[in-house]
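The block underneath contains the structure these notes are about, expressed in structure tokens.
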Amino acid sequence: MNQTFDFIVVGAGMVGAAVANGLADHGHKVALIDQAPEPPEPAEDVPGIRVSALSVGSERYLQQLGVWDRMLAMRATPYRRLGVWEGGRRQSSQGLSLSSPRTVFDARDLDIPHLGHIVENQVTQKALWDRASEQAGITLHAGSGVQALSENGQLITVTLVNGEKLTGRLLIGADGGNSRVRQLAGIGVNRSQYQQQALVATVRYRGLPEDITWQAFHSSGPRAFLPLHSAAPFFTGESWASLVWYDDPAVLAELKRLDDDEFIARVRAAFPHDLPDLTAVIDRASFPIARQHAHHYFQDRVVLAGDAAHTINPLAGQGVNLGFQDARCLQELLDEARRQGLDPADSQVLAQYEARRRPDNQRMMLAMDVFYHLFSNRRLPLWVARNLGLGLAQSLPFARNQVARYAVGIDEGLPAPVRALLDRLPGPWRDAQPSPRV
Ligand SMILES: Cc1cc2nc3c(=O)[nH]c(=O)nc-3n(C[C@H](O)[C@H](O)[C@H](O)COP(=O)(O)OP(=O)(O)OC[C@H]3O[C@@H](n4cnc5c(N)ncnc54)[C@H](O)[C@@H]3O)c2cc1C
């Protein structure tokens, strides 16, 4: 029997599964589709290689969706401090040895218990999927992707690769950076590929789980440490962590070829002394990094959310946090549209969504670009300037805390001085305005 849904969500990744749950919680009838099979139970002995730093704002949203406790019951590691510093010492042309100032944000300075959690993507996705499968308002379709879209009056129909057809009033494309929905809807993107790639490694180290996540900046790219849960009972006295090494693709290809002992030795030599004592490396994978922004967030009966709409440099770990903000915003506007008796695909409703989300996403992209270009630059004056910047931040707790509140998702707007700085940036970084609709 053919049934008509209020919403068809394509992509049951973290963002799509979140928006589907939020809509179903408010009584909407939703079809949730993913080309991948149903996510399996996360393995108990080894963490998944893809992890995300989830902000306090994302935690609140996931609590509202009723999945946060399930995630904690699987595993999620809180971090109370966040450290940022310039990698190593450096010699100036005058022979001066310049030290490496650090900035450490501490949850205690903000009167909160933690700054965020490091969570495996598979844990977040599994919790959202399990919740979705309990919801009477959600019909799940796993294992077959989208093949075609067609619109007919007040409805949109999606044809899956397996030939199945589903009909709804609005289609939400949350199918990631290579979104098929975006292509089928004819929405273009601005895209630039960074020269760096990211190598992610799952490692074990001696000791209890650390309460700090840190990032050391080098001109070849940052190197980051993200703490995960205890490795007990399988490895008593050890813990898991995820390391991220951004660098030239050729360097990362060589690192991937090394055997485990050689890889650990290279990491020890290249990461700051704060790195705990590594005992094993379990998995390594590299990811290309691109900055990509859809020209429009909606077209007729299709609207985009998460990476389908915007992909940002992961160096400050904000991608899915922005995606969750899209999801929450879209869900609120669609609830309001129903209260007012409006068509959910009403262009004014969807334009409001884009007007609320595009500037925030754009600003975060710009901020990541500023970081990327500032820290990739080998010239001394810039090096000094950025060190002064970090040193200044360290010495001004108030300014630091404003930035930290934004980064952890307590405040939703960028602090005014940062906004002013970004607004003054030159041309190519600014595509904040969507291109005119034709
Ligand atoms: C190295 C690295 C580190 C990162 N670290 C962080 C971090 O610390 N914090 C953070 O916030 N973000 C981080 N990110 C970004 C984050 O991973 C993404 O922003 C996030 O995964 C986007 O979620 P999504 O649900 O929008 O898309 P995705 O996670 O890409 O999910 C898309 C879903 O759509 C499905 N799909 C795809 N095509 C189709 C189709 N044709 N039909 C049906 N289904 C389809 C896929 O199977 C998938 O389930 C990182 C990214 C990288 C590369």
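Order of appearance sets the numbers: ligands from 1, and atoms from 1 within every ligand. Computation of the quantities below employed the complete heavy-atom set of this structure, encompassing side-chain atoms and omitting hydrogens, waters and symmetry-equivalent molecules. Here the structure is a predicted model, which means the values were calculated and not measured.
With a heavy-atom cut-off of 4.0 Å, Gln35 touches ligand 1 through backbone and side chain alike. Here Gln318 has backbone heavy atoms under 4.0 Å from ligand 1, and that is the only part of it that gets that close. Contacts between Ser58 and ligand 1, counted as non-hydrogen atom pairs separated by less than 4.0 Å, are absent for every part of the residue.
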#### Entry: Intermediate values then yes/no, salt bridge (charged side-chain N to carboxylate O under 4.0 Å, His left out), Arg357 and Asp326
CA-CA 6 Å; Arg357 294 303 308 144; Asp326 293 349; 2.7 Å; yes
### Task
Evaluate salt bridge (charged side-chain N to carboxylate O under 4.0 Å, His left out) for Arg284 paired with Asp260, printing each intermediate quantity in order.
CA-CA 10 Å; Arg284 282 173 259 175; Asp260 290 354; 2.8 Å; yes
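Contact atoms of ligand 1 toward Val146: 40 (C), 41 (N), 42 (N) (distance under 4.0 Å to a heavy atom of the residue). Listed by number with element, the atoms of ligand 1 under 4.0 Å from a non-hydrogen atom of Val10 are 42 (N), 43 (C). Using a 4.0 Å cut-off to heavy atoms of Arg180, the atoms of ligand 1 that qualify are 41 (N). Residue contact check: Gly306 has heavy atoms under 4.0 Å from atoms 26 (O) of ligand 1. For ligand 1, the atoms closer than 4.0 angstrom to any heavy atom of Ala53 are 7 (C), 8 (O), 9 (N). Contact atoms of ligand 1 toward Asn321: 11 (O) (distance under 4.0 Å to a heavy atom of the residue). The contact set between ligand 1 and Ala174, taken as ligand atoms under 4.0 Å from a residue heavy atom, comprises 32 (C), 33 (C), 34 (O). Short contacts between ligand 1 and Val51, defined as distances under 4.0 Å to a heavy atom of the residue, involve ligand atoms 5 (N).
Across every non-hydrogen atom of Gln292 and Met365, the tightest pair is O-CE, 3.1 Å.
For atom 47 (O) of ligand 1, the nearest non-hydrogen atom of the protein is Asp34 OD1, 2.7 Å. Given atom 28 (P) of ligand 1, the protein heavy atom at minimum distance is Gly176 CA, 4.2 Å. What sits closest to atom 11 (O) of ligand 1 on the protein, heavy atoms only, is Val320 N, 2.8 Å. Scanning all protein heavy atoms for the shortest distance to atom 37 (C) of ligand 1 gives Asp175 O, 3.4 Å. In terms of protein heavy atoms, atom 17 (O) of ligand 1 is closest to Arg50 NH2, 2.9 Å.
In this model, no donor atom of one side chain and acceptor atom of the other lie less than 3.5 Å apart for Gln183 and Asn178. Remark: the Gln362 side chain and the His293 side chain contain an N/O donor-acceptor pair separated by less than 3.5 Å. Under 3.5 Å, the side chains of His141 and Asn162 contain no donor-acceptor pair of N or O atoms. Counting only N and O atoms by type, the side chains of His114 and Asp211 include no donor and acceptor under 3.5 Å apart.
A salt bridge links Arg131 with Glu134; the closest basic N to acidic carboxylate O contact falls under 4.0 Å.
Ring geometry, Trp240 versus His229: the interplanar angle falls from 30° to 60°, so the pair is classed tilted.
The cationic group of Arg204 does not satisfy the cation-pi geometry with Phe234, failing either the under 6.0 Å distance to the six-membered ring centre or the 45° limit from the ring axis.
Of the inter-residue distances, the one linking Asp247 atom CG with Ser219 atom OG reads 9.0 Å to the nearest 0.5 angstrom.
Considering backbone and side-chain atoms together, Val200 places no N or O closer than 3.5 Å to any N or O of ligand 1. Some N or O of Gly319 is nearer than 3.5 Å to an N or O of ligand 1, by distance alone. For ligand 1, the polar-atom distance check finds no N/O of Ser144 at less than 3.5 Å from any of the ligand's N/O atoms. The shortest N or O to N or O distance between Gly145 and ligand 1 is not under 3.5 Å.
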